[in-house]
2 protein chains.
Amino acid sequence: MYRFKCSIGFVQFRGVLVASIRDVAKEAGVSLGTVSNAINRPEVLAPRTLRKVQKVIEDMGFVPNASARNLRAGRNRVIGLVVPDISNPFFTDLAKGVNDAAFAAKYVVILCNTDESTEKENQYLDVLSAQNVEGILITPARDTNRALASVTEKGIRLALVDRPALGLQACSVAVNDSYGGSLALTHLQELGHRNILLLTGKEDIPQVADRNAGIREALKKISAAERPEITELRLDSMSAASAYEVIKRKIDSGIDFTGIICGNDLIALGAIRAFREKNIAVPEEVSVIGYDDIDFADSANVPLTSISQPAYELGYAAAELIISECENPERHVHQRIEFQPRLIVRSSTAPTKSHRANLKIS
Amino acid sequence: MYRFKCSIGFVQFRGVLVASIRDVAKEAGVSLGTVSNAINRPEVLAPRTLRKVQKVIEDMGFVPNASARNLRAGRNRVIGLVVPDISNPFFTDLAKGVNDAAFAAKYVVILCNTDESTEKENQYLDVLSAQNVEGILITPARDTNRALASVTEKGIRLALVDRPALGLQACSVAVNDSYGGSLALTHLQELGHRNILLLTGKEDIPQVADRNAGIREALKKISAAERPEITELRLDSMSAASAYEVIKRKIDSGIDFTGIICGNDLIALGAIRAFREKNIAVPEEVSVIGYDDIDFADSANVPLTSISQPAYELGYAAAELIISECENPERHVHQRIEFQPRLIVRSSTAPTKSHRANLKIS
DNA sequence: GATTCTCCTTGAACCGTTTTAAGCGATTGC
DNA sequence: GCAATCGCTTAAAACGGTTCAAGGAGAATC
């Protein structure tokens with residue numbers, strides 16, 4: 001650090017001497033405004049002055065104080081990301097996308113993990129607005145969160161991730177969940193499954209509701225004779241542990257299905273673990289289909305058939321969207337980006353026995 | 001929002017009217033300093049005044065501007081977390097621990113992902129110090145990063161996570177990597193493995209170096225007759241994809257080992273995938289041991305033997321440490337917390353053929 | 001040589017808080 | 001009855017930047 005060489009006293013800050021723009025100015029023999037220009041509008045300075053100031057900045061290791069900057073400019077290059085479960089690789093990938101896009105634009109991301117709780121979500125929204133972030137990227141735990149609207153009233157821009165912006169003044173980046181649901185159902189139906197268990201989270205989780213809707217939609221299109229029977233089972237938390245417990249109990253009370261559609265891959269992994277423990281073969285006796293197609297799906301005990309969602313791209317696009325809104329508010333128009341999910345077939349799904357028999361006959 | 005009722009003009013901010021402390025003061029008929037006191041030191045105000053001001057604050061939905069506050073007070077309840085790879089569940093869990101501890105203390109976390117690059121690490125350190133975060137939690141990509149020292153010089157408190165604080169004025173929370181390495185080696189050695197491949201990241205990654213040191217230490221304690229031969233192989237990135245490619249090539253050029261010690265579980269999964277593809281049985285032909293014991297280790301294709309590290313606790317402890325330092329700088333003394341790793345045996349390791357034969361004989 | 005024009009640079013105002021010394025009315029002490 | 005004390009409240013000075021109107025030094029024009 002340069003501080004010992006500097007002729008005038010630096011400011012005491014947290015017990016340490018830190019250079020301010022004033023110190024740079026004095027050292028470089030220019031005015032304070034010139035230093036500011038060197039940082040923000042180098043093109044207005046004479047090349048000689050610019051170089052001189054830059055050298056001093058470099059030597060002193062000067063970094064402009066973001067708070068002061070923000071106070072004056074009303075901007076701070078911070079966005080918030082609010083997700084229900086960062087341990088889920090889907091959201092991890094999404095967060096990575098957000099981070100990379102933010103980094104490229106010299107923004108910074110505050111990560112908030114709500115554990116699927118609306119209460120924690122609201123607390124985080126309060127904290128984020130106190131921090132005065134420029135924008136918030138959120139995958140809301142529930143569809144009806146009035147706190148979301150009040151955030152936009154405070155001038156904080158909002159974008160919904162993995163959700164359409166229902167009635168909100170906001171951009172959204174989502175995956176077509178309804179189509180994803182229908183992909184899963186159709187796959188099992190075509191393999192001959194007629195009794196299917198739907199193992200998801202609480203109904204008020206938007207993604208869950210949409211996929212269920214897609215499944216029902218797809219059901220209608222299937223002739224009555226071939227139409228599967230659906231049973232629903234709700235987990236308190238969309239985690240492997242929760243699915244493991246529930247499926248173990250289910251096995252004990254008797255299995256009345258040949259296929260499971262899971263709310264995400266973690267649930268699928270938990271279920272498969274339960275089956276393995278009880279010596280029920282996947283996919284021979286039960287087919288399991290996951291959702292998200294996380295990286296591990298391929299390395300799993302039984303490589304998972306899953307519905308692939310572009311998590312990283314989702315996050316990247318969302319961050320780009322909100323950052324462009326922050327940089328250019330007047331020109332911005334809210335938009336809705338929708339990605340399409342894809343079915344990835346691996347080893348955890350197979351035709352039912354009767355279906356195989358039928359195939360041989362015909 | 002109150003803004004339409006207020007008699008004087010609010011400040012235009014991001015296209016939206018936002019109340020400042022001045023507006024509150026005017027509305028409540030008190031001075032600006034009194035409002036500040038109502039917020040920060042309610043005990044100095046007369047109860048009547050306090051109630052009056054609080055009511056106005058409530059009605060206006062006033063939230064103090066964090067930038068101004070930070071500028072003046074030098075505190076902002078923000079800490080930074082810098083990790084090499086957030087996609088790695090080890091760091092995800094760690095980040096979750098940090099987040100939970102921060103949330104409990106009403107702090108907020110800026111997440112920074114460096115992709116194991118010192119350059120990106122330094123850029124993030126600059127951004128974080130510009131943001132004036134109160135503290136930084138970091139798992140440095142390399143041991144020798146001079147930028148770290150300069151951060152503390154700027155009055156930003158530092159704590160090292162998953163690393164001891166080598167010569168730095170900082171707390172640290174770490175896992176005994178050297179012991180972890182010896183655990184892995186001893187396990188394979190006891191299973192009869194005499195040719196072991198070490199599949200890790202670059203040597204200058206501190207954790208890698210320490211574990212290697214632990215392995216060499218353990219080797220020395222083994223009698224020459226039983227001492228395994230170690231070959232090292234370095235990956236550019238500690239990811240499944242990288243391990244997969246390298247091991248596939250290795251298989252083609254001939255396998256001269258019966259066991260692999262991997263730098264983390266992702267590497268182990270990538271390696272196992274390569275073996276499976278080439279029809280080499282794990283653990284019958286090759287034993288594989290991972291590191292970190294991520295949640296998924298148990299659900300993997302071949303359930304992974306691994307060295308378990310308390311990632312969540314690591315993060316939680318680190319965050320608590322730095323937050324207590326921020327809240328009480330003068331009373332704080334730097335400390336070093338060390339967790340012990342544990343060996344978790346699953347199915348990816350087994351005795352070598354000759355070892356099994358020996359066992360039968362004896 | 002005076003005038004205009006360009007190109008840089010400067011000084012001062014301002015952003016919204018916190019903090020502290022000073023002020024002020026009421027109460028207490030002598 | 002006057003000074004000292006007490007309990008609140010206030011005014012004003014930071015904090016560290018950005019921004020912009022105004023100033024000043026040369027170069028170009030007349």
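Throughout, protein chains are lettered first and strands after them, A, B, ... in sequence-line order, and every chain is numbered starting at 1.
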### Side chain of B:Ser36 - closest among D:dG16, C:dT19, D:dT10
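Among the listed nucleotides, the one closest to the side chain of B:Ser36 is C:dT19.
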### Nearest-neighbour nucleotide for the B:Phe62 side chain, C:dT17, C:dT10, D:dG17 considered
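Nearest to the side chain of B:Phe62 among the choices is C:dT17.
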### Task
Please name the residue in the list A:Asp100, A:Asp93, A:Thr92 that meets the side-chain hydrogen bond (donor to acceptor under 3.5 Å, both in side chains) test with A:Tyr312.
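Checked A:Asp100, A:Asp93, A:Thr92 against A:Tyr312; only one passes side-chain hydrogen bond (donor to acceptor under 3.5 Å, both in side chains): A:Asp100.
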### Message
Counting only side-chain nitrogens and oxygens, does A:Arg22 get under 4.0 Å of the OP1 or OP2 atom of D:dG16?
### Response
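Indeed not, no polar side-chain atom of A:Arg22 lies that close.
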### Query
Is any side-chain N or O of B:Ser31 closer than 4.0 Å to OP1 or OP2 of D:dT9?
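It does not, given that no N or O in the side chain of B:Ser31 lies less than 4.0 Å from OP1 or OP2 of D:dT9.
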### Message
Counting only heavy atoms not in B:Gln169 (residues, nucleotides, ligands), do more than 12 fall under 6.0 Å from its CD?
### Response
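Atom CD in B:Gln169 is not packed in, count stays at 12 or less.
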Rounded distance (Å) that lies between atom [atom2] of [N] and atom [atom1] of [X]:
X: A:Asn65; N: C:dG16; atom1: CG; atom2: P; result: 16 Å
X: A:Lys26; N: D:dG16; atom1: NZ; atom2: P; result: 14 Å
X: B:Arg69; N: C:dT19; atom1: CZ; atom2: C1'; result: 13 Å

### Query
Donor-acceptor pair under 3.5 Å: do we get one between B:Arg72's side chain and the base of C:dT18?
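Donor-acceptor pair under 3.5 Å: yes.
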### Query
Start at the 5' end of DNA chain D and walk down; is the nucleotide closest to B:Val30 or to A:Leu71 reached first?
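Its nearest nucleotide being more 5', the pick is B:Val30.
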### Task
For B:Ala68 and for B:Asn37, find the nucleotide of DNA chain D with the closest heavy atom, then tell me which residue's nucleotide is more 5'.
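Its nearest nucleotide lies further toward 5', so the answer is B:Asn37.
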### Query
Are a donor atom and an acceptor atom from the side chains of B:Thr34 and B:Ser31 found within less than 3.5 Å of each other?
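There is such a pair between these side chains.
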### A:Asp126 bridged to B:Lys106 by N-O distance under 4.0 Å
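No, A:Asp126 and B:Lys106 are not salt-bridged.
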#### Entry: Contact residues, residues 40-53 of chain B to DNA chain D [heavy atom, < 4.0 Å]
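By residue number: B:Leu45, B:Ala46, B:Thr49.
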#### Entry: A:Gln54 CD to A:Thr49 OG1 distance, which is reported to the nearest 0.5 Å
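Rounded to the nearest 0.5 Å, the CD-OG1 separation comes to 10.5 Å.
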### Message
Going by the rule side chain to side chain contact (heavy atoms under 4.5 Å, CB included), which residues pair with A:Arg41 if we only count those two or more places apart in sequence or in a different chain?
### Response
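Side chain to side chain contact (heavy atoms under 4.5 Å, CB included) check on A:Arg41 returns A:Asn37, A:Glu43, A:Val44.
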